[in-house]
Amino acid sequence: HVQLVESGGGSVQTGGSLRLSCAASGDIASIGCMGWFRQAPGKAREGVAAIYTGSTTYYADSVKGRFTISQDNAKKMVYLQMDSLKPEDTAMYYCVAGTYGDSRYFAGCKFGYWGQGTQVTVS
């Protein structure tokens with residue numbers, strides 16, 4: 001079992017920055033991908049960014065160049081640095097973890113573990 005806990009959300013002005021953190025615990029040895037999804041009211045969930053074992057990264061086109069995903073394996077942490085935030089970035093952000101190898105899914109990862117989410121509001 002894997003537990004994911006997000007933190008760092010909040011309200012910021014357009015053009016501002018936030019850094020989201022995700023702490024992973026439990027049986028994480030089998031995890032091959034970690035990442036972030038988001039969901040705004042009335043909209044479908046969408047993948048934002050992913051990072052694989054070895055630190056290769058993948059980004060949605062909408063955030064490329066503005067967001068940076070990183071990880072600290074020793075601390076079992078994943079981060080999402082969000083710069084140049086726009087109102088359309090407003091959403092609940094979820095930390096996710098799973099395994100690589102299914103092309104049907106965002107970044108090729110089947111994310112079976114989800115955190116509770118942290119709210120990001122940009123105005």
Side-chain angles (χ1 to χ4, degrees):
H1 181 72
V2 174
Q3 184 177 20
L4 306 171
V5 180
E6 305 97 329
S7 62
S11 298
V12 298
Q13 298 180 39
T14 299
S17 297
L18 283 173
R19 190 192 195 204
L20 306 184
S21 298
C22 174
S25 61
D27 185 14
I28 63 172
S30 63
I31 297 299
C33 314
M34 295 192 70
W36 296 88
F37 272 65
R38 67 186 182 185
Q39 185 171 28
K43 298 182 66 177
R45 291 178 182 175
E46 62 175 345
V48 176
I51 187 164
Y52 310 101
T53 301
S55 296
T56 300
T57 57
Y58 182 90
Y59 298 95
D61 288 342
S62 60
V63 307
K64 194 172 298 181
R66 299 188 298 119
F67 291 11
T68 304
I69 187 170
S70 61
Q71 64 187 0
D72 185 332
N73 288 325
K75 296 181 179 180
K76 305 297 188 290
M77 299 286 292
V78 175
Y79 307 95
L80 186 68
Q81 177 67 44
M82 304 186 293
D83 299 320
S84 302
L85 283 162
K86 306 173 181 179
E88 50 262 47
D89 295 318
T90 295
M92 184 73 73
Y93 283 72
Y94 299 91
C95 181
V96 295
T99 56
Y100 176 81
D102 193 331
S103 62
R104 296 175 296 175
Y105 301 136
F106 176 75
C109 300
K110 184 179 181 180
F111 293 109
Y113 300 99
W114 291 66
Q116 291 289 87
T118 186
Q119 179 68 39
V120 172
T121 302
V122 186
S123 62

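Index from 1, following the sequence.
- Checked against salt bridge (Lys or Arg N to Asp or Glu O under 4.0 Å), Arg45 has no partners two or more places apart in sequence or in another chain.
- Taking the side chain to side chain contact (heavy atoms under 4.5 Å, CB included) definition, one finds that Ser84 meets it with Arg66, sequence neighbours left out.
- Listed here is the closest heavy atom pair of Gln119 and Ala91: NE2-O, 3.4 Å.
- With sequence neighbours excluded, the residues that form a side chain to side chain contact (heavy atoms under 4.5 Å, CB included) with Ala23 are Met77.
- Leu20 places none of its side-chain heavy atoms less than 4.5 Å from the side chain of Glu6.
- Counting only residues at least two apart or on different chains, no ring-ring contact (aromatic ring centres under 6.0 Å, His included) pair has a member in residues 71-92.
- Val12 is linked by a side chain to side chain contact (heavy atoms under 4.5 Å, CB included) to Leu18, Leu85, Val122, counting only residues two or more places apart in sequence or in another chain.
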For a quick test of your reading: what N or O donor-acceptor pairs under 3.5 Å do the side chains of residues 107-118 make, sequence neighbours left out?
residue : atom : partner : partner atom : Å
Trp114  : NE1  : Phe111  : O            : 3.0
Thr118  : OG1  : Gly9    : N            : 3.1

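- For Asp102, the salt bridge (Lys or Arg N to Asp or Glu O under 4.0 Å) partners two or more places apart in sequence, or in a different chain, are Arg104.
- The side chain to side chain contact (heavy atoms under 4.5 Å, CB included) search around Ala49 returns Tyr59, Ile69, Leu80, not counting sequence neighbours.
- To the nearest 0.5 Å, the span separating OG1 on Thr53 from CD on Gln71 amounts to 7.0 Å.
- The heavy-atom pair separating Phe106 from Gly47 by the smallest distance is CZ-C, 3.5 Å.
- Counting all heavy atoms, side chain and backbone alike, Ser30 lies closest to Asp27 at OG-O, 4.1 Å.
- The disulfide bond (SG atoms under 2.5 Å apart) contacts involving residues 52-85 comprise nothing, where partners must be two or more places apart or lie in separate chains.
- Evaluation of the salt bridge (Lys or Arg N to Asp or Glu O under 4.0 Å) rule for Lys64 yields Asp61 as partners, not counting sequence neighbours.
- Atom CG of Asn73 sits about 8.0 Å away from atom CD1 of Ile28, to the nearest 0.5 Å.
- Each of Phe37, Tyr94, Phe67 was checked for a side chain to side chain contact (heavy atoms under 4.5 Å, CB included) with Val48, and the lone residue meeting it is Phe67.
- Going from atom OG1 of Thr56 over to atom CD1 of Ile51 covers 8.0 Å, rounded to the nearest 0.5 Å.
- Legend: residues meeting ring-ring contact (aromatic ring centres under 6.0 Å, His included) with Tyr52, ordered by chain and number and at least two apart, are Tyr100.
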Report task. Tell me, with the steps shown, if Arg38 and Asp89 meet side chain to side chain contact (heavy atoms under 4.5 Å, CB included). Result -> CA-CA 9 Å; Arg38 67 186 182 185; Asp89 295 318; 2.9 Å; yes
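- For residues 10-25, the side chain to side chain donor-acceptor pair (under 3.5 Å) pairs, not counting sequence neighbours, are Ser17-Asp83.
- Linking Ile, Leu, Val, Met, Phe, Trp and Tyr residues whenever their side-chain heavy atoms come within less than 4.5 Å leaves Val63 and Val96 in two separate clusters.
- Among all heavy-atom pairs drawn from Met34 and Cys95, the shortest one is CE-SG, 4.1 Å.
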